[in-house]
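Just so we're on the same page: letters track the sequence lines, and every chain starts at 1.
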Amino acid sequence: MIEKTYQPADIEGRMAAAWEQAGAFKAGRADRIDAEPYTIVIPPPNVTGSLHMGHALNNTLQDVLCRFERMRGRDVLWQPGTDHAGIATQMVVERQLTERQEPGRRDMGREKFLERVWQWKAESGGVIVNQLKRLGASCDWSRERFTMDEGLSRAVVKVFVQLHREGLIYKDKRLVNWDPKLLTAISDLEVQQIEVKGSLWHLRYPLQGKTFDPDDASTFIVVATTRPETMLGDSAVAVNPDDERYTHLIGKQVILPLVGRLIPIIADEYSDPEKGSGAVKITPAHDFNDFEVGNRHGLPRISILDIEGRLALEDNEDYLRGLPEGSAQLVEELDGMERFAARKSIVARLEDFGFLEKIEPNTHMVPHGDRSGVVIEPYLTDQWYVDAKTMAQPAIAAVRSGATSFVPKNWEKTYFEWMENIQPWCISRQLWWGHQIPAWYGPDGKVFVAETEEEAVGNALGYYVEQEVITEEQGHDMALDPEKRAGFITRDEDVLDTWFSSALWPFSTLGWPDDATDVERYYPTNVLVTGFDIIFFWVARMMMMGMHFMKEVPFPTVYIHALVRDEKGAKMSKSKGNVIDPLHLIDDYGADALRFTLAAMAAQGRDIKLAPQRVEGYRNFATKLWNACRFAEMNECFLPPDFDPTQATEVVNRWIAHETARASREITEAIEAYRFNDAAGAAYRFVWNVYCDWYLELAKPVMMGEDSPAKTETRAMVAWARDEILKLLHPFMPFITEELWAVTAPRSGLLALTPWPLKARGLSREQEALIIATAASDPLAAPILMATPEPTGDFRDDAAEAEIGWVVDLVTAVRSVRAEMNITPSTLTPLVLAGASAETQARAVRWSDVIKRLARLGEVSFADRAPEGSVQLLIRGEVAALPLKGVIDVGAEQARLAKELAKAEADIKRVDAKLSNEKFVANAPEEIVEEEKEKRAEAVARKTKMLEAMERLKGAV
RNA sequence: GGGCGCGUAGCUCAGCGGGAGAGCACCUCGUUGACAUCGAGGGGGUCACAGGUUCGAUCCCUGUCGCGCCCACCA
């Protein structure tokens, strides 16, 4: 029994439980052991995450594909899991500690802190998973993984060690993007360039050997900078070798103001005569470009900041080296000063001594940490890097060759652009939460990388024994006792970038490197579904790692979907307060409505501007479906087990079978091509505008009538088409369809596991017959293929389409004219078919009940000519007349006819213009020309009928 | 500075070489036996602008204007 009203919240919980209980989404089910696998790995959401609109879209699309392929009999593995999200998670837990006024991370110590994070994960890490379940995601939840699982951690270590051995991971001291708030290095991708209104300070650097005079430009050189505080670390001034203003100064020295250090004026192409003063200060330790210049000229790197971005001058050997007497005072005054305060202070001092020439307003891009939001400091440290340039080569080639392709294709350009200009990937992070780098150091800083501590320590001790740093006996003791080697062999404290483990996701989740069984069966995956915002972060890196370790692309297709924005097109963000919470939408309208909305809007573009009203509209669609099923139930529509829709005899039934097959094909082809919006649109139109608006209405008179073979057949067909609809909609609206599936008939299994409409699989008649025959003799395949008897005949029926088309046209035209003429619904108007063909007359008789009901007609009769004073309609070339003498306003009808006539004449004129154009006739394809000729004939006929109608109307006056 | 994309009905968006579509909103009518979360009918668009290609352009090409996004170390 179907409930009277559709209440999503009620059924969603029940259906989710039913799927869970049946193990419906488990990969490798016994009944599919011989089936072809279909694999998708979920883009793992952060454990700290909660479902936002992007997740909702992303997972809806994946779920549509998975449910679709599952119904087509594939062994679907949708691999779920979450990402440990290093920085984000650590921040969450640290915030929690602060809120609870507990000791901070550093006070607590690494081990304790990590315990706390795991504890937090156990308590709160499951939130997003449950939210995905609410959305209806048909993942194999029994296989849920986490990037810091034991198995995945082993994969990380193995990959690190192997890449290190191959020289593709190395340690290097160079400038990194340093986050002075989070106190860690971050990768280029985690840096956001933000436009900032700042200043350009022009500073005077006195030339050595001249007496500095602010009013005498020959005594100094002007450099322009946006970061005056870094001048403390300057080690040169660069000018362009071709810049004639400065050529005479090349090789001379300047005295660094305030500091007193002598630094050279060098010639370097980097200096752009157009920019600033044409002379630029070089600070190799605090600027990426200057670093390069410094390397070219062998300049010292003078780092003047500490990890928190404060001036660090005292005890700073690099800074103090070569400074004149008397510089101690400055060091004392400035040491420990925060960088922006230092900027002010230094500018003030420069101004005091006349070293500041001018300040110009200057808007420029300033790097910010995407997590911390603070200004990133280029900072000189030791970090681990992946040789991304080398690893990118096979990944680029794979896309070039088409082994992997992007949908839509234009994203490949973005991919190539980035991959071909890729920089070394900084993978070490000064955090605690993450995969600790498997590297150990000896007392001289030598690195030992190995998969286990045991191995690394063994190697290290062996080495130091050999080097006679320690005795064999000492080495033996240290090998056995961690305490004894403490301080001698130490492990690298740092952890890896979160994306390092994510890059392995397509194979690490399948058991690599421990167990190859699932890797063999499910790798490579079939498609990756994701947003363009993580092409670089994730897709590119999976391609690199997949190519390197699996020697095969991780996925042949990357489907890039849009980003969800708010109604005005702004990116949703908490700070803007424009976030639409998908869970609220689910509460208000149901998960099915939300899913359908997202699928319907998933046209391949850049972004989706979501208006909540859309969701309401699709909730109404679900209600419509619900009520259509109730209607079938009320009319005792059941599907007999041996029913064959292709063998129907009633025209209306043949017609709906034909239309259903057409819709199935459309939907199937659209999903196969990742045109989710087309698939959803086709389903929507079929269910509402074909099945509900016409088929059920046309079927009503038969179903309300006496029992008859026609009634029996119609009941069966109503049920058959309904079942097909439930199948076709299931990938988009799994909950409501599963519920309706269960309550509309006794079923042997879940809709989620029911075969997709077979005719829609694009198989030939012979192939289908073969499958059906195989299924009959193969018990394993039976549950999949035999659940529904498959049709034996052909669905296509042009005659039925023509006949129902006539009915639809007639009813629509009559309704339209009735509305225009303001005829009240209670007035039943007679219908006279004038000069109707035998075929039309037969149709009119067959459909008399229906057209009377739907068009509010009285008697239906035939005549040679339309009665005088009647409204005359043209239905498929023949006249249908409504004798409304006295009822209608003749003037209005005249106007209506005149309008129709004018339209017909305009049509003729337009077509004639084409057909009389020799070039058109000569150049246009034949079928187009034929089409135009047909149009002309039709328009001429229409014109004739209109003229006649006007004559008849005159007669009435 | 490079790259990508968008400007189609009041709003949100499809379409993309042969007379423009949907949902919502709007107007009129409707308690007809699944559904008022509904039904019937209707109004509303020189498809940003200007050139070009073509027999034919909303669709292809070029340019202009407006908007958005991504990448980039430019003082």
N/O donor-acceptor pair, side chain A:Lys624 with base B:C35, under 3.5 angstrom: yes
Table please: side-chain donor-acceptor pairs of residues 679-691 of chain A below 3.5 Å, with sequence neighbours left out.
| residue | atom | partner | partner atom | Å |
| --- | --- | --- | --- | --- |
| A:Asn689 | ND2 | A:Asp693 | OD2 | 3.3 |
| A:Tyr691 | OH | A:Val718 | O | 2.8 |

Side chain to side chain, A:Leu57 and A:Met53, heavy atoms closer than 4.5 Å: no
Non-hydrogen side-chain atoms of A:Trp418 and A:Phe536 separated by less than 4.5 Å: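 A side-chain contact under 4.5 Å exists here.
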OP1 or OP2 of [N] less than 4.0 angstrom from a side-chain nitrogen or oxygen of [X], does that happen here?
X	N	value
A:Asn410	B:G5	yes
A:Lys413	B:C4	yes
A:Ser816	B:G42	yes

Residue closer to the 5' end of RNA chain B, A:Lys281 versus A:Tyr6 (nearest nucleotide): A:Tyr6
Residue mapping more 5' on RNA chain B - nearest nucleotide basis, A:Glu417 or A:Val223: A:Glu417
Short side-chain to backbone donor-acceptor contact, A:Ser271 and A:Gly278, under 3.5 Å: yes
Polar side-chain atom of A:Arg595 near backbone of A:Met733 as donor-acceptor pair, under 3.5 Å: no
Which whole number of Å gives the distance between the [atom1] atom of [N] and that of [M]?
N	M	atom1	value
B:C49	B:G43	C1'	28 Å
B:G39	B:G33	P	15 Å
B:G63	B:C71	P	26 Å
B:C70	B:A9	P	27 Å
B:A57	B:U62	C1'	15 Å
B:C73	B:A14	C1'	42 Å
B:A48	B:C16	P	16 Å
B:U54	B:G10	P	35 Å

[X]: partners by salt bridge (charged side-chain N to carboxylate O under 4.0 Å, His left out), with sequence neighbours left out:
X	answer
A:Lys852	none
A:Glu12	none
A:Glu900	none
A:Lys903	A:Asp907

Rounded interatomic separation in angstrom, taking [atom1] from [X] and [atom2] from [N]:
X	N	atom1	atom2	answer
A:Phe536	B:G3	CZ	P	15 Å
A:Arg619	B:C38	CZ	C1'	12 Å
A:Glu633	B:A34	CD	C1'	10 Å
A:Leu696	B:C35	CG	P	12 Å
A:Tyr415	B:C4	OH	P	18 Å
A:Trp411	B:G5	CH2	P	9 Å
A:Lys409	B:C4	NZ	P	16 Å
A:Asn289	B:C73	CG	C1'	4 Å

Pairs satisfying side-chain hydrogen bond (donor to acceptor under 3.5 Å, both in side chains), at least one member in residues 615-624 of chain A, at least two apart: A:Arg614-A:Tyr618
Can you check nucleotides 53-56 of chain B for protein contacts, nitrogen or oxygen pairs under 3.5 Å, and list what you find?
| residue | atom | partner | partner atom | Å |
| --- | --- | --- | --- | --- |
| B:C55 | OP1 | A:Asn923 | ND2 | 3.1 |
| B:C55 | O2' | A:Asn917 | ND2 | 2.9 |

List for me each residue that meets side-chain hydrogen bond (donor to acceptor under 3.5 Å, both in side chains) alongside [X], sequence neighbours excluded, and say none if there are none.
X	value
A:Asp809	A:Arg876
A:Arg853	A:Glu697
A:Arg204	A:Glu357

Nucleotide nearest A:Arg815 when distance is taken to its side chain, options B:U37, B:C35, B:G41: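 Given the options B:U37, B:C35, B:G41, the side chain of A:Arg815 is closest to B:G41.
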For [X], report the nucleic acid contact type (base, sugar-phosphate, nothing); a contact means any heavy atom under 4.0 Å.
X	value
A:Glu932	sugar-phosphate
A:Met601	sugar-phosphate
A:Cys692	base
A:Glu697	base
A:Thr5	nothing
A:Leu854	nothing

Pairing annotation in dot-bracket form, given for RNA chain B with Watson-Crick or G-U pairs under 3.5 Å and | for cross-strand partners: ((((((((.[[[[.)..(..]]]].(((((.......))))).....[[[[[..)....]]]]])))))))....
A:Thr283 and A:Asp234 side chains, donor-acceptor separation under 3.5 Å: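 Distance-only check passes for A:Asp234 and A:Thr283.
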Summary of protein contacts for nucleotides 22-33 of chain B, nucleotide by nucleotide, where a base hit scores B, a sugar-phosphate-only hit scores S (4.0 Å, heavy atoms): -SS--------B
